[in-house]
2 protein chains.
Amino acid sequence: MQSHRLPTLEDVARVAGVSRATVSRVVNGIRNVDPQLHELVWTAVEQTGYVPNKMARSLVTRRTGTVALVVSDSETHDDDPFMSRFFADPYFGRVVGGLMSVLRPASVQLALQMVGADGHKRLVGDLRNGQADGAVVLSLPARDPLPGLLADARIPAVLIGRPADPVPISYVDLANETGAALAADRLAARGCRQIGMISGPADVPASQDRITGFRRATARHGHAWVPTASGNFTQESGERAMRSLLAGHPQLDGVFVANDLMALGALLVLRDAGRRVPEDVAVVGFDDSSAALAARPALTTVRHPLEDMAAEAAKLLLVRVEDPDARVSSVIYEPTLVVRQSA
Amino acid sequence: MQSHRLPTLEDVARVAGVSRATVSRVVNGIRNVDPQLHELVWTAVEQTGYVPNKMARSLVTRRTGTVALVVSDSETHDDDPFMSRFFADPYFGRVVGGLMSVLRPASVQLALQMVGADGHKRLVGDLRNGQADGAVVLSLPARDPLPGLLADARIPAVLIGRPADPVPISYVDLANETGAALAADRLAARGCRQIGMISGPADVPASQDRITGFRRATARHGHAWVPTASGNFTQESGERAMRSLLAGHPQLDGVFVANDLMALGALLVLRDAGRRVPEDVAVVGFDDSSAALAARPALTTVRHPLEDMAAEAAKLLLVRVEDPDARVSSVIYEPTLVVRQSA
DNA sequence: TTGTATGCGTTATCAG
DNA sequence: CTGATAACGCATACAA
């Protein structure tokens, strides 16, 4: 055992009494090798404890076996005002779990990349020369320029969530309008007469879709106008929105909340206001996150199969990495209503 | 613009009319370079759109600018029985957030590495030849051999959570015993006469510490024996445990639950059993996760500053990466009691 | 089927 | 202060 240097292909070759090329072939599982040598090389590999140097390999193959999960926040990241909020949200974990479920079996690494508006150019540059083979993009802000930059640079990428502006990049998304309609139907079926809504930020596509989907469906049910308050997807903002909604419309008897976290907040406020759920006011959430089950009463909510969607995104990306000219293809998931106690 | 090849150091050198070495120096901010050329080189860099190739750089510097977050599950990962549970838990996100808060400013990447018992050797091998400069280890199972392997291989690493067996590796941890004692004190101060406990798995150090800490403190308060049921940190297991506890000890009037998620489950069961919280039975949780705030009644709980701890782990790791011979140093965080409604 | 030789893009050593 | 030149560890076109 020498002091510090790790065994290289060269060392293995020397031990096995063959050339570097042969060892390389064996290690990479190339067929055209004499079974005799094949055996010989493997034992030499075991004996030396050789493990391929990914850096060197990547340098020549131009493949890293890594994909980046880029979390794009268009605002400059001075401090971490959004990070804590974002990471604490079950959303992040569910996405990571879904990605890993397909990346791990494929032996590809996941590298986390947070980037603000100031980091777009840098990120694209790094990606272009092989930081990662591709990227799954979690684009938080509306009108994020990043997807466009990635497309221009011809970097294999898949978006989670439809981009605000059309961009030639594959994405996976939920049929948000349909989901919101499901919620509206439920509320209508319960016989709610005064329906309200707590929406997400007005500039996020997913949020917009839920708003239009809900309005369209309630209109169909004869509700011309739906009082709406908006939040930013946090529980606290949900509380605020519910309070304002209740203040303006005391006889509200049904409310659709654009995500479970805000719905949790709404539930708290309703309770404090002495309203029983669902008897006095029915509440339906969105996402079917773990929060929905923990809520009291348990939340009737629109199931958002985020893990499946993330897994699909990973698959799409892997395909695209194999074949950069693969057709841009997106898949839209259909939401379902999960009925529990709140509506 | 050529077809596909990205600009290299060589290209920049040609444009600037200097040698590769000089460009390298300028790009890496080495002082000994004529201001004239300095300027010249930078404009050439801009002009060509040059961005350094990390792979090539790493190959020679033996530094990647990446640290791994390895999630170690000692059971072989046939399928993903644990992944979904783990990623859905706020724990994961909080750790990632904390790590990123120090890694990002330091411009170091975070690579996710899940590994089962079958992957330990592979992981250590990869880490040794520079997959990453170091590792933050989230060791789920009791008696995980991984920390030992990392130490033997002299890989810069920091554990989140004290290892079951002493290992010469830095770690950050919470004073779990103290935290549990805080809970006991609170319950005693409320005048609880019949105190119970819902613990975590018996073989996880953090869980053990909470058990012994709680028992010791309750004993101090005159409770010789504390009925205990155990769960696995999921809400569902918390429900089960609470049910069994209640069945065996109907006149229970105080319970300490080893994490918030299980506490959430306990709350549900207590309510279904017609017990008012905290009037009939007081509940104190552990972690102060977002679930605690969402609970009804809001959970009195032991604050576990996971983000801070993760951030500290990242700092420790960075130090160790700079100086592999740095002293092994661990830091223990002191928990505090967050009093809300449940106790 | 196997070996030889070359190149991947950088950094680092060492003369000038 | 600057420029050749040699590694870094591996894959592969080409020759044998």
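The sequence lines fix the lettering, A, B, ..., with proteins before strands; numbering per chain opens at 1. It should be emphasised that the depicted structure is a prediction, and the values quoted were computed from it without experimental measurement. For the numbers below, each heavy atom of this structure counts, side chains included, while hydrogens, waters and symmetry mates do not.
Between Gln36(B) atom CD and dC1(D) atom P the separation is 13 Å, expressed in whole Å. Separating the CG atom of Leu6(A) from the C1' atom of dA7(D) is a distance of 17 Å, rounded to the nearest angstrom. Atom CZ in Arg128(A) sits roughly 17 Å away from atom C1' in dC8(C) (whole-Å rounding). Computed from coordinates, the Leu40(B) CG to dC1(D) P distance equals 17 Å when rounded to whole Å. Atom CG of Asn32(A) is separated from atom P of dT12(D) by 14 Å (rounded to the nearest Å). In this structure, Arg14(B) places its CZ atom 16 Å from C1' of dA4(D), rounding to the nearest Å. Atoms CG (Leu59(B)) and P (dA7(D)) sit 14 Å apart, rounded to a whole Å. Going from atom CG of Asn53(B) over to atom P of dG7(C) covers 18 Å, rounded to whole Å.
Ring geometry for Phe92(A) against Phe87(A) counts as perpendicular: the plane angle is over 60°, on a 0 to 90° scale with 30° as the lower cut.
Between Arg154(A) and Asp325(A) a salt bridge is recorded (basic side-chain N to carboxylate O distance below 4.0 Å).
Between the Asp144(B) side chain and the Leu146(B) main chain, a donor and an acceptor come within less than 3.5 Å of each other. When atom types are taken as modelled, the side chain of Asp165(A) and the backbone of Arg143(A) share no donor-acceptor pair closer than 3.5 angstrom.
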Practice task
With side chain to side chain contact (heavy atoms under 4.5 Å, CB included) as the test, would you mind laying out the steps for Arg14(A) and Asp11(A) before giving the verdict?
Solution key: CA-CA 5 Å; Arg14(A) 190 165 20 238; Asp11(A) 299 319; 2.8 Å; yes
Practice task
Mind running side chain to side chain contact (heavy atoms under 4.5 Å, CB included) on Leu316(A) and Glu312(A) for me, showing each step along the way?
Solution key: CA-CA 6 Å; Leu316(A) 287 177; Glu312(A) 179 63 30; 3.8 Å; yes
Handout entry: Audit row: Ile160(B), Val136(B), side chain to side chain contact (heavy atoms under 4.5 Å, CB included) steps and yes/no
Key = CA-CA 7 Å; Ile160(B) 293 191; Val136(B) 172; 3.8 Å; yes
Practice task
Please lay out, stage by stage, how Arg128(B) and Val124(B) fare under the test side chain to side chain contact (heavy atoms under 4.5 Å, CB included).
Solution key: CA-CA 6 Å; Arg128(B) 287 229 312 178; Val124(B) 171; 4.1 Å; yes
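The listed nucleotides are dC10(D), dT10(C), dT2(D); the one nearest the side chain of Asp34(B) is dT2(D). With dT11(C), dA11(D), dT1(C) as the candidates, the nucleotide lying closest to the side chain of Asn28(A) is dA11(D). If you check dG9(D), dG9(C), dT11(C) against the side chain of Arg62(A), the one that comes closest is dG9(C).
For the pair Arg57(A) and dA11(D), the criterion of a side-chain N or O lying under 4.0 Å from OP1 or OP2 is met.
Residue contacts for Leu9(A): at a heavy-atom cut-off of 4.0 Å it reaches the sugar-phosphate backbone alone, with no base atom in range. Contact annotation for Val27(A): no contact, since no heavy-atom pair falls under 4.0 Å across all strands. At a threshold of 4.0 angstrom between heavy atoms, the contacts of Val33(B) are confined to the sugar-phosphate backbone, with no base atom among them.
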Practice task
Determine which bases of DNA chain C form Watson-Crick or G-U wobble pairs with both distances under 3.5 Å, and write the result as a 5' to 3' dot-bracket string with | for other-strand partners.
Solution key: |.||||||||||||||
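In terms of heavy-atom proximity, Ala135(A) sits nearest to Val70(A) at CB-CG1, 3.7 Å. Between Arg57(B) and Pro52(B), the shortest heavy-atom contact is NH2-CB, 3.2 Å.
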What are the atom names and distances for every N/O pair under 3.5 Å that joins the protein to nucleotides 3-6 of chain C?
from: dG3(C); atom 1: OP2; to: Ser19(A); atom 2: N; distance (Å): 3.2
from: dG3(C); atom 1: OP2; to: Ser19(A); atom 2: OG; distance (Å): 3.2
from: dG3(C); atom 1: OP2; to: Thr22(A); atom 2: OG1; distance (Å): 2.6
from: dG3(C); atom 1: N7; to: Arg25(A); atom 2: NH1; distance (Å): 3.4
from: dG3(C); atom 1: N7; to: Arg25(A); atom 2: NH2; distance (Å): 3.4
from: dG3(C); atom 1: O6; to: Arg25(A); atom 2: NH2; distance (Å): 2.6
from: dT6(C); atom 1: O4; to: Arg20(A); atom 2: NH2; distance (Å): 3.3

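If you find the closest nucleotide of DNA chain D to Ser24(A) and to Pro35(B), the one lying nearer the 5' end belongs to Pro35(B).
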